[in-house]
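Presented below is the structure to which this report refers.
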Amino acid sequence: MIHHTATSVVTIERFIIEQERQHPQATGQLSGILYDMALAAKMIASKVRSAGLVDILGATDDHNVQGEVQQKLDVFANETIIKAMDHGGRLCAMASEEEPDIIPIPDRFRCGKYCLLFDPLDGSSNIDVNVPVGTIFSIVKKVTKSKHGELADLLQPGRRQVAAGYVLYGSSTMLVYTTGQGAHGFTLDPSIGEFLLSHANIRTPDEGRYLSVNDAYEQHWDDSVRQLMRRYRGLEGGRRSLSVRYVGSLVADFHRNLLGGGVFCYPAHAKSPRGKLRLLYEANPLAFIVEQAGGAAIDGRKRILDIQPEELHQRTPLYIGSKADVDLASRTLAGLKTAVGA
Ligand code: AFP
């Protein structure tokens with residue numbers, strides 16, 4: 001663990017270098033990917049900040065692979081990340097929530113040993129109403145011998161991630177990432193255009209204050225999910241009730257709960273048997289971060305990071321956040337009759 005004095009200003013670049021120095025065998029490729037992500041984040045942040053000012057609001061004619069209407073800013077964020085990352089010689093393949101297939105590294109550029117998976121602009125249906133949105137990313141190491149990454153390189157369980165992070169475009173822009181040495185947060189200082197260390201070694205409270213769930217789906221939930229929600233609300237089991245907060249932008253809901261303590265749930269339900277969220281672009285990176293901060297993430301039964309993906313755009317139910325609250329989900333959904341607070 002690196003200690004900084006209260007007065008030292010630590011840029012994300014300095015922090016990444018200092019973390020890299022703890023691994024003498026490091027080639028610097030992973031650090032390079034993280035710098036490039038920080039650069040892409042600054043470019044997206046600048047566009048998001050001016051979204052209300054320029055004629056960029058509204059949907060394009062395109063639909064993404066999930067059949068959802070793409071907002072123009074989604075397209076911008078997607079292209080910005082691809083352009084910032086494809087030429088560095090560190091990646092061998094990419095995958096984006098907005099693209100149906102693997103994004104290859106163009107032949108004119110060198111290929112490296114890492115793969116990047118990302119959701120360029122999550123929560124984009126919130127842009128028109130000035131609600132925070134985010135970018136989420138995950139990095140894994142190539143496992144096949146091919147020069148260009150293959151599907152097998154991208155379809156790795158989340159526990160094999162070497163780094164993951166998210167950017168929250170909120171009242172300030174924050175980037176939170178982990179390389180497996182704790183989760184660290186940086187706030188963009190727009191006056192100097194740098195991400196500065198603001199939240200070193202984030203620890204999420206063991207017990208949460210907040211419950212984030214869209215209970216408009218209650219009619220489609222099964223009985224165990226309904227029971228879990230009653231327990232979170234203190235209506236059953238004698239547990240202290242959680243306060244409900246739901247933005248509808250995963251990064252914003254996750255970030256609030258990470259710092260303040262809480263649980264975000266997107267259960268499977270009758271109309272959406274695998275939930276809505278994507279394993280590779282949303283659940284895995286956030287699960288890596290929350291575990292590094294002392295929290296937990298499950299799909300209702302299994303640890304998210306142990307799920308073997310079968311396809312790029314696979315969806316998963318998600319229960320993520322403070323350990324005690326996720327444990328309660330695990331026990332309730334398994335139908336265990338143990339005491340709620342136990
Ligand atoms: P959009 O990108 O279409 O706005 O979806 C956002 C999201 O994937 C995630 O950020 C939210 O947590 C979740 O969907 C909200 O979904 P519901 O509207 O079904 O609650």
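Start at 1 and go down the list; that is how both ligands and their atoms are numbered. A quick note: this is a predicted structure, and the numbers were derived from the prediction, not measured.
The contact set between ligand 1 and N214, taken as ligand atoms under 4.0 Å from a residue heavy atom, comprises 17 (P), 18 (O), 19 (O), 20 (O). Less than 4.0 angstrom separates some heavy atom of Y266 from each of these atoms of ligand 1: 16 (O), 17 (P), 19 (O), 20 (O). Close approach to S124 involves these atoms of ligand 1, each under 4.0 Å from a residue heavy atom: 1 (P), 2 (O), 4 (O). Near Y217, the atoms of ligand 1 lying under 4.0 angstrom from a non-hydrogen atom of the residue are 17 (P), 19 (O). Listed by number with element, the atoms of ligand 1 under 4.0 angstrom from any heavy atom of S125 are 1 (P), 3 (O), 4 (O). If you number the atoms of ligand 1 from 1 as listed, the ones under 4.0 Å from a heavy atom of Y246 come out as 15 (C), 16 (O), 17 (P), 20 (O).
Within the 4.5 Å cutoff, the side chain of Q156 has no heavy atoms near those of the K141 side chain.
Contact annotation for S249 and ligand 1: only backbone heavy atoms (N, CA, C, O) come within less than 4.0 Å of the ligand. At a 4.0 Å heavy-atom cut-off, ligand 1 touches L277 through the side chain alone. The backbone and the side chain of L250 each have at least one atom closer than 4.0 Å to an atom of ligand 1 (non-hydrogen atoms only).
Note on ligand 1: D253 sits outside its first shell, no heavy atom being nearer than 4.0 Å.
Under a 3.5 Å cut-off, the side chain of H184 and the backbone N or O of N201 do form a donor-acceptor pair. Listed for the D253 side chain is no donor-acceptor partner under 3.5 Å among the backbone atoms of L250.
Of the charged side-chain nitrogens involved, none lies within less than 4.0 Å of a carboxylate oxygen, so that R278 and D122 do not count as a salt-bridged pair.
In this structure, Y166 and H255 have perpendicular ring planes: the angle between them is above 60°, well past the 30° mark. Using bins of under 30°, 30° to 60° and over 60° for the plane-to-plane angle, the ring pair Y217/Y266 lands in the tilted bin.
Here's the thing with G123: one of its N/O atoms is less than 3.5 angstrom from an N/O atom of ligand 1.
Looking at S272 and R315, their side chains never bring a donor and an acceptor atom within 3.5 Å of each other.
Among E282, R278, K276, E97, the residue whose heavy atom lies closest to atom 13 (C) of ligand 1 is K276. Comparing heavy-atom distances from atom 10 (O) of ligand 1 across L318, N126, D122 singles out D122 as nearest.
Annotation: the span from F137 atom CZ to I139 atom CD1 amounts to 5.5 Å, rounded to 0.5 Å. Rounding to the nearest 0.5 Å gives a distance of 4.5 Å between CG of N284 and CG of L279.
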